[in-house]
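Reviewing the structure listed below.
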Amino acid sequence: MDKYDVKAAHKAQYAPSSKDFAIVDVPAMRYLAFDGHGNPNTSALYAEAIEALYGVAYTVKFASKAAGRDFAVAPLEALWRADDPAVFASGDKDAWDWTLLINQPDWITDDDVASAVAKARAKKPLSALDRLRLLSLTEGTSVQILHVGPYDDEAPTLHRLHHEYLPAHGLTFNGDHHEIYLNDARRTAPAKLRTVLRQPVRPA
């Protein structure tokens, strides 16, 4: 049985260079998703949402494998938004809205997710399970770069993206700031964290 891995299937989108920004086309993708608000470092909801997402993601994976189509559980991702994009560069985390994501193969259906949520709830009745959904997202033309290091050190790179790269290339925002967390932060030294920073764009 071939094992699908989104990182291998979409290398351009999941393995950018850390040296400079690159423009990529991001096709339509589907995700388990959870919407929330506030500082991810202090929000109990953020932590519970991650637990619920992974619980359902692994339940979906095992059910799909049993049905004959195996896949690797994808890394955690997140969309970040705010009324003023400057809060990302300034680090004002209390003003952030977020959508946590785990990519799903295109054969996974709403029914598959609903069944996995029910099974996960039977094991541990997390309230966050009630707010999980299957999200289709098409970001299209995007600028991205690999950030290596602590999450809190992303601000200078985002400042360069917003105030130097985008204006210099005649581009502006066309969607939420998107991050892909290639490491498990619980098991990785902050200096070795690898995070894809992505911004959908359009001509200014």
Side-chain angles (χ1 to χ4, degrees), residues 4-35 40 53 57 71-93 95-108 134-185 188 190-204:
Y4 174 81
D5 186 337
V6 68
K7 299 191 301 299
H10 296 281
K11 289 183 179 179
Q13 292 77 20
Y14 282 81
S17 169
S18 62
K19 295 181 180 179
D20 202 358
F21 298 108
I23 296 178
V24 296
D25 183 66
V26 184
M29 292 190 179
R30 308 179 81 209
Y31 303 87
L32 286 175
F34 185 99
D35 300 311
L53 277 168
F71 65 93
V73 172
L76 182 70
E77 308 185 29
L79 304 177
W80 301 93
R81 67 191 70 86
D83 293 335
D84 179 4
V87 301
F88 297 118
S90 67
D92 182 11
K93 298 179 181 180
W96 295 356
D97 292 306
W98 39 266
T99 301
L100 292 174
L101 307 167
I102 295 181
N103 187 278
Q104 299 296 295
D106 58 11
W107 67 80
I108 299 301
L134 190 59
L135 169 69
S136 295
L137 182 65
T138 304
E139 292 177 298
T141 303
S142 300
V143 178
Q144 62 182 31
I145 193 170
L146 179 67
H147 170 76
V148 180
Y151 302 138
D152 287 342
D153 288 353
E154 294 172 4
T157 301
L158 295 177
H159 186 275
R160 282 197 299 120
L161 173 64
H162 297 171
H163 299 284
E164 297 177 23
Y165 185 90
L166 295 187
H169 291 78
L171 299 170
T172 191
F173 301 96
N174 192 37
D176 296 330
H177 172 67
H178 189 157
E179 298 192 353
I180 303 171
Y181 308 106
L182 299 175
N183 309 97
D184 184 340
T188 307
K192 296 183 178 180
L193 289 172
R194 298 166 66 249
T195 307
V196 178
L197 307 181
R198 178 187 297 163
Q199 177 59 57
V201 296
R202 59 177 174 79

So do the side chains of [X] and [Y] get within less than 4.5 Å of each other, counting heavy atoms only?
X      : Y      : answer
Gln199 : Phe173 : yes
Asp152 : Lys93  : yes
Thr157 : Phe21  : yes
Lys192 : Asn183 : no
Leu146 : Leu182 : yes

Can you name the nearest heavy-atom pair linking [X] to [Y], along with the distance?
X      : Y      : result
Leu166 : Val143 : CD2-CG2, 4.2 Å
Leu193 : Pro150 : CD1-CA, 4.4 Å
Ala82  : Ala95  : CB-O, 3.8 Å
Ala28  : Thr138 : CB-OG1, 3.2 Å
Pro167 : Leu161 : CD-O, 4.3 Å
Leu135 : Ala33  : CB-CB, 3.8 Å

> Residues in salt bridge (charged side-chain N to carboxylate O under 4.0 Å, His left out) with Asp153, at least two apart?
Replying inline: none
Output side-chain donor-acceptor pairs under 3.5 Å for residues 99-108, partner residues at least two apart or in another chain, one line each.
from	atom 1	to	atom 2	distance (Å)
Thr99	OG1	Asp35	OD1	2.6
Thr99	OG1	Arg81	NH1	3.4
Thr99	OG1	Arg81	NH2	2.8
Gln104	NE2	Ile102	O	3.3
Trp107	NE1	Ser64	OG	2.9

>> Quick check for you: to the nearest 0.5 Å, what is the distance between Thr141 atom OG1 and Arg202 atom CZ?
In response: 12.0 Å
> Can you tell me how far NE2 of His162 sits from OG1 of Thr172, rounded to the nearest 0.5 angstrom?
Replying inline: 9.5 Å
> Do the ring planes of His159 and His163 sit parallel (below 30°), tilted (30 to 60°) or perpendicular (above 60°)?
Replying inline: tilted
> Do side-chain atoms of Asn174 reach the backbone of Pro200 as a donor and acceptor pair under 3.5 angstrom?
Replying inline: no
Partners meeting side-chain hydrogen bond (donor to acceptor under 3.5 Å, both in side chains) with [X] (sequence neighbours left out):
X      : result
Asp184 : Arg186, Arg187
Glu139 : His178, Arg198
Tyr181 : Trp80, Glu179

Return a table of donor-acceptor pairs under 3.5 angstrom between the side chains of residues 10-18 and protein atoms on other chains or two or more places apart.
from	atom 1	to	atom 2	distance (Å)
Gln13	NE2	Asp25	O	2.7
Tyr14	OH	Glu77	OE2	2.5
Ser17	OG	Lys19	N	2.9

> Should we say atom CZ of Arg30 is surrounded by more than 12 heavy atoms from elsewhere, each under 6.0 Å from it?
Replying inline: yes
>> Checking Leu158 against His147 for the side chain to side chain contact (heavy atoms under 4.5 Å, CB included) test, could you report, in this order, the C-alpha distance in whole Å, the side-chain angles of both residues, the deciding distance, and whether it holds?
In response: CA-CA 10 Å; Leu158 295 177; His147 170 76; over 6 Å; no
